[in-house]
Amino acid sequence: MSHIYIYSPSGAVRDRAAFRRGVKRLTAMGHEVEVDEAALASHMRFAGDDETRLAAIHRAAASG
């Protein structure tokens with residue numbers, strides 16, 4: 001089983017239903033899916049402000 005860490009380093013997720021379907025599909029395929037706490041953040045057209053996105057990148061890098 002592989003570990004997949006999902007985060008949004010740039011653009012905001014616009015289709016939350018599709019996002020949830022993707023996570024469910026990956027899980028059903030046997031992957032261990034971890035979603036970052038700010039994966040669905042939004043600031044203007046971005047996935048959160050600069051600090052939020054930078055923190056998410058650091059969490060993703062530390063996730064293994």
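Along the sequence shown, the residues carry numbers beginning at 1.
- Not counting sequence neighbours, Glu32 has no partner by the side-chain hydrogen bond (donor to acceptor under 3.5 Å, both in side chains) test.
- Every residue two or more places apart in sequence or in another chain was checked for a side-chain hydrogen bond (donor to acceptor under 3.5 Å, both in side chains) with His43, and none qualifies.
- When hydrophobic residues (I, L, V, M, F, W, Y) are linked wherever their side-chain heavy atoms come within less than 4.5 Å, the members clustered with Ile57 are Tyr5, Tyr7.
- With sequence neighbours left out, the side-chain contact (heavy atoms from CB on, under 4.5 Å) criterion links Glu37 to Arg59.
- In the hydrophobic cluster analysis, where Ile, Leu, Val, Met, Phe, Trp and Tyr join through side-chain heavy atoms closer than 4.5 angstrom, Ile4 is grouped together with Leu40.
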Pair up each side-chain donor or acceptor in residues 21-29 with any protein partner under 3.5 Å, not counting sequence neighbours, and list the distances.
unit_1	atom_1	unit_2	atom_2	d
Thr27	OG1	Val23	O	2.9

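- The salt bridge (Lys or Arg N to Asp or Glu O under 4.0 Å) contacts involving residues 1-12 comprise nothing, where partners must be two or more places apart or lie in separate chains.
- Remark: His58 NE2 to Ser63 OG distance equals 13.0 Å, nearest 0.5 Å.
- Of all non-hydrogen atoms in Ala56 and Asp36, the two that sit nearest each other are CB-OD2, 3.5 Å.
- For Ser8, the side-chain hydrogen bond (donor to acceptor under 3.5 Å, both in side chains) criterion is met by no residue, not counting sequence neighbours.
- Contacts of Ser10 classified as side-chain contact (heavy atoms from CB on, under 4.5 Å), with partners at least two apart in sequence or in another chain: none.
- Nearest heavy atom pair, residue Gly11 against residue Ala47, reads O-CB, 3.5 Å.
- Checked against salt bridge (Lys or Arg N to Asp or Glu O under 4.0 Å), Asp15 has no partners two or more places apart in sequence or in another chain.
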Going through the checks in order, is the side chain to side chain contact (heavy atoms under 4.5 Å, CB included) test met by Thr52 and Asp50? CA-CA 6 Å; Thr52 299; Asp50 291 343; over 6 Å; no
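- Taking Arg45 as the reference, Arg14 meet the side-chain contact (heavy atoms from CB on, under 4.5 Å) condition, with sequence neighbours excluded.
- A 4.5 Å side-chain heavy-atom check between Ser2 and His31 finds at least one atom pair inside the cut-off.
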